Amino acid sequence: MQFDLRVKGGRLQVIPCFTTLHRLLLTIFHLKEALKLWNNSALCQKSAVKSPATDLPEMPPCDFKPVEYKDLSKERMMEIRRQNCHPMTMKVTYYKKPVFIHQGHMQWLWDVDGKRYLDLFAGVATVSVGHCHPKVTAAAEKQLRRLWHTTNIYVYPTLHEYCEKLASFFPDPLKVVYLTNSGSEANDLAMLMARLHTGNYDIITFRGSYHGGSPQTMGLTSNAAYKYPVANGLGCTNTMCPDVFRGPWGGSHCRDSPVQTIRECGCAQGHCMANEHYIGQLKETLVTSVPSRIAAFFGEPIQGVGGAVQYPKNYLKEAYRLVRERGGICIADEVQTGFGRTGSHYWGFQGHDVIPDMVTMAKGIANGFPMGAVVTTPEIAASFGKGVHFNTFGGNPVACAIASSVLDTIKEDGAQQISHDVGTYLLTELAKFRDKYEIIGDVRGKGLQIGVEMVKDKVSCSAGLTGGDTRLTRHFVPKTLIKTRKQGENSVGTDSSDNNGENK
């Protein structure tokens, strides 16, 4: 299985992508060994690992043979990275020793030395069906031999075939598709369309949300790490995130998940006091922080970057009603939750029994090829005709061919069912770790959208990986995990930089 294991604000997020149960068992074994070490490490003040473990199982065999690497040296690549690449590339070079990736095949990656890795990162939760999946690669090659690029001013088959296919995955009236090149761009476009359609300006999002890093979407994003000291957020207001673990209210029956919080709950069957309190906070925001008429409410079905946070079961249904009463439209950001990842449904919003007015998506949409999309209603789309919107690369023939193949592959490989089965197993097994280890405060999620939250102790639930030293948040977890791997067979997807992003 492909995972993104990363720490945000003291929370270890487990962000897996699709593959098989065999690899899941291997990953759980490694995680169990790491947790034993964490639990004995004086609450993570120092790594307890002195040498690689010797009793770990071999990784599954692989008969794929990568081509021999003969290009730039490691030293030359790092020199270019420092001198010619944007400085941000060095800030996100997290590893003690950077990983120099050369080739990928399904769940495996190889570095320039020919060392094989089980990919735990999936290109930031983007490689949805596996590196260089044969079916998707064949679709790309076929289209590259036919037509690389033209403009959607002209009519070409791949654009229309894909738009029709993507729209078929949505309930009525979500049938109009706009294609973009990224999730930030999709959310930026959704903001513009919402404001044009409603004639209103203000947009509400959750605290802790992430909806992109463009000048406009930076306002939607409520996470200090992604904010720059420039004017942003005009017309964007954050309301309390209904986090039933870390928030002021929550119980043991709130979430649509195989695993609930360890908080006590006195609610009657079918009644959720936590939901009422969080809706009360949204109402407070509506009467104190925005005009009486608003443009939109943005919400991820499960908050991703914010920590795989799940809301009370009926929260979004009530929130959508309140927003629509005030003239706003409801936008579901499916960049992380879409394409079957939550297991029970193809789209995360379906698990909340709501139908949004607009849906944005990216990441897994094209298995790593740059692409995003906005899907909305004919009525909202018509409002967008007040001006001319044009996107040079949106709906590119190659992008459409790849994305169409991804939709077929998810279905043919049974990826949604795998997400449900494997994700449920992983959640229940991780919950056993929570019950055993004091450092694990919460396990949550649905399908393969999973979060594991570390705490100092289960009484205070204080963030467990910061301890006043933000560097521990960044490098402790991978240092332990990497050292539990067999020499020569490693994992990718862990984060080992300090808060300034410098290599150690």
Side-chain angles (χ1 to χ4, degrees), residues 11-14 206-209 239-284 297 299-304 306-322 332 336-337 341-345 347-355 419-455 457-464:
R11 294 174 172 179
L12 173 64
Q13 300 175 62
V14 182
F206 288 134
R207 294 173 197 157
S209 62
T239 193
M240 181 182 285
C241 178
D243 183 344
V244 297
F245 170 71
R246 185 161 292 285
W249 307 287
S252 55
H253 304 286
C254 299
R255 299 190 298 220
D256 178 20
S257 172
V259 180
Q260 301 295 327
T261 72
I262 58 175
R263 299 174 76 164
E264 294 183 0
C265 181
C267 296
Q269 187 70 25
H271 181 72
C272 183
M273 292 177 60
N275 185 55
E276 293 178 357
H277 285 301
Y278 287 118
I279 287 295
Q281 288 295 306
L282 175 59
K283 290 178 178 178
E284 185 76 8
F297 167 77
E300 302 163 90
I302 298 175
Q303 201 170 77
V309 176
Q310 287 183 282
Y311 324 128
K313 294 173 185 175
N314 292 313
Y315 180 90
L316 284 186
K317 186 179 292 187
E318 180 66 12
Y320 276 25
R321 182 186 67 80
L322 293 171
Q336 291 203 28
T337 51
R341 186 173 176 184
T342 63
S344 62
H345 299 87
W347 306 108
F349 70 78
Q350 294 171 317
H352 294 272
D353 193 25
V354 296
I355 298 179
S419 285
H420 178 271
D421 296 343
V422 176
T424 299
Y425 178 80
L426 178 57
L427 279 161
T428 54
E429 290 298 304
L430 288 171
K432 295 176 184 177
F433 295 159
R434 179 199 62 187
D435 297 339
K436 182 175 181 180
Y437 297 104
E438 185 71 10
I439 196 172
I440 300 183
D442 194 33
V443 172
R444 53 181 174 263
K446 187 178 178 183
L448 289 178
Q449 178 95 8
I450 296 171
V452 177
E453 182 156 349
M454 302 302 186
V455 297
D457 60 81
K458 287 186 170 71
V459 176
S460 68
C461 290
S462 298

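What you are looking at is a predicted structure, and each value in this text was computed from that prediction instead of being measured. What's counted below: heavy atoms across the whole structure, side chains too, no hydrogens, waters or symmetry copies.
Crowding of Met240 atom CE: a count of heavy atoms from other residues, nucleotides or ligands under 6.0 Å exceeding 12.
Taken to the nearest 0.5 Å, the CD1 atom of Ile439 stands 10.5 Å off from the CG atom of Asp457. In this structure, SG on Cys241 lies 12.0 Å from CD on Gln281, to the nearest 0.5 angstrom. Here the CD atom belonging to Glu318 is positioned 12.5 Å from the SG atom belonging to Cys272, to the nearest 0.5 angstrom. Interatomic distance, CG of Leu427 versus NZ of Lys432, reported as 12.5 Å (0.5 Å rounding). Cys254 SG to Asn275 CG: the interatomic distance, rounded to the nearest 0.5 Å, is 8.0 Å. Here NE2 of His345 is found 8.0 Å from CG of Asp353. Values are rounded to the nearest 0.5 Å.
By the side chain to side chain contact (heavy atoms under 4.5 Å, CB included) test, Ile355 is found to be paired with Pro171, Leu174, residues two or more places apart in sequence or in another chain being considered. Shown here are the side chain to side chain contact (heavy atoms under 4.5 Å, CB included) partners of His420, two or more places apart in sequence or in another chain: Gln417, Thr424.
Gln303 has its side chain out of reach of Gln310: every pair of non-hydrogen atoms, C-beta onward, lies at least 4.5 Å apart. Residues Tyr315 and Ile279 have side chains in contact (heavy-atom distance under 4.5 Å, counting atoms from C-beta outward). Taking 4.5 Å as the limit, every side-chain heavy atom of Cys267 sits out of range of all side-chain heavy atoms of His253. The shortest side-chain heavy-atom distance between Phe245 and Glu453 falls under the 4.5 Å cut-off.
The two residues Glu300 and Tyr311 make their nearest non-hydrogen contact at O-OH, 2.6 Å. Contact between Leu448 and Gly423 at its shortest, heavy atoms only, is CD2-CA, 3.5 Å. Summarising the geometry of Gly348 relative to Pro301, their closest heavy-atom pair is C-CB, 3.5 Å, with the distance given to 0.1 Å. In terms of heavy atoms, Leu426 sits closest to Ile450 at CD2-CD1, 3.4 Å. The two atoms that bring Leu316 and Phe297 nearest to each other are CD2-CE2, 3.9 Å, heavy atoms only. Between Thr337 and Thr342, the closest heavy-atom pair is O-CG2, 3.9 Å.
The aromatic rings of Phe349 and Trp347 lie parallel to each other, with less than 30° between the two planes, well short of the 60° mark.
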Legend entry - Candidate pair Lys458 and Ile262, rule side-chain contact (heavy atoms from CB on, under 4.5 Å), full reasoning: CA-CA 9 Å; Lys458 287 186 170 71; Ile262 58 175; 3.8 Å; yes
Inset, instruction - Please assess Arg444 against Gln260 for the test side-chain contact (heavy atoms from CB on, under 4.5 Å), listing each intermediate value before the final yes or no. - result: CA-CA 7 Å; Arg444 53 181 174 263; Gln260 301 295 327; over 6 Å; no
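No close placement of the Tyr278 and Phe206 rings is indicated, their centers lying 6.0 Å or farther apart.
Sorted by first and then second residue, the salt bridge (Lys or Arg N to Asp or Glu O under 4.0 Å) pairs with a member in residues 248-276 read Arg255-Asp442, Asp256-Lys446; sequence neighbours excluded.
Side chains of Arg341 and Gln449: a donor on one and an acceptor on the other come within 3.5 Å.
Distance alone, capped at 3.5 Å, places no donor-acceptor pair between the Asn314 side chain and the Lys317 backbone.
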